[in-house]
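See below for the structure under consideration.
Here the structure is a predicted model, which means the values were calculated and not measured.
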Amino acid sequence: MALLISIIAKGLVLLINLVTNICFYGNFEFSFNSPANNHLGLWVIILPALGGILVGLMALFGSKAIRGHGIPEAMEQVLVNQSRIKPSIAFLKPISSAIAIGSGGPFGAEGPIIATGGALGSTIGQLFKITPNERKIILAAGATAGMSAIFGTPIAAIFLAIELLLFEFSPKAILPVALACITGAAGHQLLFESGPVFPMSDLESPSNMALGIYSAIGIVIGFMSLGLTKIVYLIEDTFEKLPVHWMWWPAIGGLAVGLIGYFAPHTLGVGYDNIINMLSGKVSLALMLSLCFFKFLSWAIALGSGTSGGTLAPLLTIGGAAGAILGSIILLFFPASGISIPMAALIGMSSMFAGASRAYLTSIAFALEATMQSHALLPLLGACTASYLISFFFMENTIMTEKIARRGIYTPDSYEPDVLRGITVAQVLGEGGKIAVERKMINELTHKDLPILKDSDRLSKAVELMASTGEEFLPVVSSGDLNKVIGILNYKDVLHAYKLYHRENQEAGVNLSLKRQRLKIMVKRRKLMES
């Protein structure tokens with residue numbers, strides 16, 4: 001499956017290049033040409049709108065699920081639909097995205113291929129008799145294999161699966177995803193190119209002062225990510241109020257994209273070349289300002305209109321430009337600060353993604369793998385941590401979860417072990433004292449032919465038995481003597497144990513008193529002197 005998704009990823013990139021060449025240069029070619037170099041004049045305003053019309057028609061007559069950037073839609077299917085995605089998405093999503101991006105849409109190819117890989121994995125999972133959890137793993141494997149195939153970043157893709165799709169951390173889930181991501185990375189090496197996807201000159205190890213400044217940049221980028229997310233959904237709400245059918249929204253958004261692209265042509269298309277140029281320090285301050293503001297405006301309007309495309313590349317472009325601008329300002333006033341523009345751009349990219357999506361580990365791993373700059377690790381940790389904390393404390397949902405949260409879908413934000421697997425039946429009986437079971441009761445339990453629990457069993461097993469049998473209580477026997485009933489476990493006992501666990505882990509308390517320790521030392525010293 002991962003090999004097939006790698007081929008689809010290559011096909012998507014070639015299709016985007018083909019549509020771009022046809023629209024902006026009138027050539028039937030598959031090589032990359034930036035739409036920023038076009039000479040269409042005012043005609044460039046119309047192209048994204050035409051692409052939006054085609055996407056709207058595909059959404060209307062094909063599937064409405066192709067709208068958006070793919071990851072929230074995949075998350076929704078995992079959380080509420082047992083990881084079942086319509087098979088038609090596997091071919092409608094890449095085609096619609098190629099049209100939207102190739103006609104000038106300011107998106108990346110990674111979102112569509114993640115959605116396509118997830119749809120393909122879900123489709124394969126629906127063909128076999130497997131559990132919803134197993135289907136979720138196959139969906140995540142397909143989605144992240146696509147990301148790994150596009151960028152050649154398997155570790156970041158694994159973290160993406162954990163933080164945004166699997167909502168769990170276990171070997172049975174991670175190993176299949178890891179194998180798919182490794183295969184996707186091999187596909188990237190075979191079908192695209194070797195080496196980092198965003199090459200840059202070697203970065204120097206930062207000083208302590210530089211580390212502090214990079215972390216401060218992360219704080220600023222974190223607040224920017226809050227505003228970015230709120231504006232995107234404000235624009236989406238505005239489109240919801242328009243007195244026209246939603247099919248026309250991508251065309252309206254396309255007009256705005258074309259108008260912005262006429263004045264700022266570098267905002268058109270995927271823009272991976274912009275990211276490479278920023279990381280190499282070859283971008284002028286004027287172009288960085290243009291990419292930071294106009295790329296954001298173009299992308300926010302297009303995304304809010306419900307067209308098809310990815311978010312990672314725009315977030316990287318906007319964050320990288322913002323980081324480079326902040327770095328330039330700092331160097332202007334503090335030339336001895338020890339920071340560099342390429343490093344500032346890199347941490348801007350990563351911290352913007354960390355703040356907007358709260359995919360903390362993914363953001364750091366992606367920046368390291370995509371550039372192969374080991375000296376960037378500490379600045380990335382500082383900046384992404386700062387940005388993540390700002391997002392966590394000041395924003396309830398992220399750019400990935402806001403859409404589905406509005407539909408009443410809760411997204412897990414922590415992956416803790418199953419509480420009931422850590423508590424035995426004996427511990428629960430011990431809380432209330434073991435029940436002395438009368439002979440009459442034993443006869444009644446035997447007559448009902450209830451399933452039996454051992455005192456060494458876990459509460460998770462008890463809950464499963466109660467749910468499957470519909471019984472509110474179960475007899476408990478001794479592990480040493482299976483014929484001896486030592487108590488009865490009620491569903492209220494399970495709830496009580498669950499409540500006690502959370503109370504113990506949430507109540508604050510002082511376990512070590514400095515005053516008490518000081519008194520102990522004084523007593524020991526006095527005894528030593530007396531002896």
Side-chain angles (χ1 to χ4, degrees), residues 108 110 147-148 151-164 181 195-226 228 272 275-276 278-281 288 292 311-328 330-331 337-392 398-400:
E110 67 289 333
M147 176 181 175
S148 186
F151 291 118
T153 54
I155 297 176
I158 294 171
F159 284 136
L160 181 78
I162 294 171
E163 294 182 304
L164 296 181
C181 292
V197 68
F198 298 139
M200 59 188 300
S201 301
D202 291 340
L203 299 172
E204 296 182 357
S205 180
S207 63
N208 289 337
M209 179 184 292
L211 282 175
I213 294 173
Y214 290 137
S215 299
I217 291 176
I219 295 176
V220 177
I221 299 291
F223 281 109
M224 289 181 64
S225 72
L226 302 184
L228 177 147
Y272 292 150
I275 296 174
I276 294 173
M278 278 192 296
L279 293 176
S280 63
M288 286 189 293
C292 184
T311 59
L312 182 54
L315 286 174
L316 296 179
T317 303
I318 297 163
I325 293 169
L326 291 172
S328 299
I330 293 170
L331 282 177
S337 60
I339 68 170
S340 69
I341 300 299
M343 180 75 87
L346 180 60
I347 67 166
M349 288 168 43
S350 187
S351 56
M352 178 63 78
F353 185 57
S357 68
R358 268 184 231 154
Y360 174 70
L361 297 175
T362 305
S363 304
I364 297 172
F366 178 82
L368 292 174
E369 285 188 289
T371 62
M372 295 298 177
Q373 297 292 326
S374 59
H375 286 155
L377 177 58
L378 290 180
L380 286 170
L381 282 170
C384 289
T385 300
S387 180
Y388 181 93
L389 290 174
I390 295 297
S391 174
F392 181 81
T398 71
I399 199 167
M400 303 296 181

Do you know the tightest heavy-atom contact between [X] and [Y]?
{"X": "G108", "Y": "P314", "value": "N-CD, 3.9 Å"}
{"X": "S337", "Y": "I330", "value": "OG-CG2, 4.0 Å"}
{"X": "A356", "Y": "S225", "value": "N-CB, 3.6 Å"}
{"X": "M343", "Y": "H375", "value": "CE-O, 3.9 Å"}
{"X": "S357", "Y": "L164", "value": "O-CD2, 4.3 Å"}
{"X": "M147", "Y": "A156", "value": "CE-CB, 4.3 Å"}

Check residues 207-222 and write down every donor-acceptor pair under 3.5 Å in which the side-chain atom is one partner and the other belongs to a residue at least two apart or another chain.
| unit_1 | atom_1 | unit_2 | atom_2 | d |
| --- | --- | --- | --- | --- |
| S207 | OG | A210 | N | 3.2 |
| Y214 | OH | S340 | N | 3.0 |
| S215 | OG | L211 | O | 3.0 |

For [Y], does its backbone N or O pair with a side-chain atom of [X] as donor and acceptor, under 3.5 Å?
{"X": "S350", "Y": "S363", "answer": "yes"}
{"X": "E110", "Y": "A313", "answer": "yes"}
{"X": "S328", "Y": "A324", "answer": "yes"}
{"X": "S280", "Y": "I276", "answer": "yes"}

Quick one: pull up [atom1] in [X] and [atom2] in [Y] and give me the separation to the nearest 0.5 Å.
{"X": "T371", "Y": "D202", "atom1": "OG1", "atom2": "CG", "value": "10.0 Å"}
{"X": "R358", "Y": "C384", "atom1": "CZ", "atom2": "SG", "value": "14.5 Å"}
{"X": "L346", "Y": "I341", "atom1": "CG", "atom2": "CD1", "value": "13.0 Å"}
{"X": "I318", "Y": "T311", "atom1": "CD1", "atom2": "OG1", "value": "10.0 Å"}
{"X": "L160", "Y": "L361", "atom1": "CG", "atom2": "CG", "value": "11.0 Å"}
{"X": "L331", "Y": "L326", "atom1": "CG", "atom2": "CG", "value": "11.0 Å"}

Problem - Heavy atoms from other residues, nucleotides or ligands near CD1 of I390 exceed 12 (cutoff 6.0 Å) - result: yes
Problem - Side-chain donor-acceptor pair present, T385, Y360, cut-off under 3.5 Å - result: yes
Report yes if the side chains of [X] and [Y] come closer than 4.5 Å at any heavy-atom pair, otherwise no.
{"X": "M224", "Y": "C292", "value": "yes"}
{"X": "M278", "Y": "T317", "value": "yes"}
{"X": "F353", "Y": "T362", "value": "yes"}

Problem - Derivation and outcome, side-chain contact (heavy atoms from CB on, under 4.5 Å), residues V197 and Y272 - result: CA-CA 9 Å; V197 68; Y272 292 150; over 6 Å; no
Handout entry: F151 ring center near F366 ring center (under 6.0 Å)
Key = yes
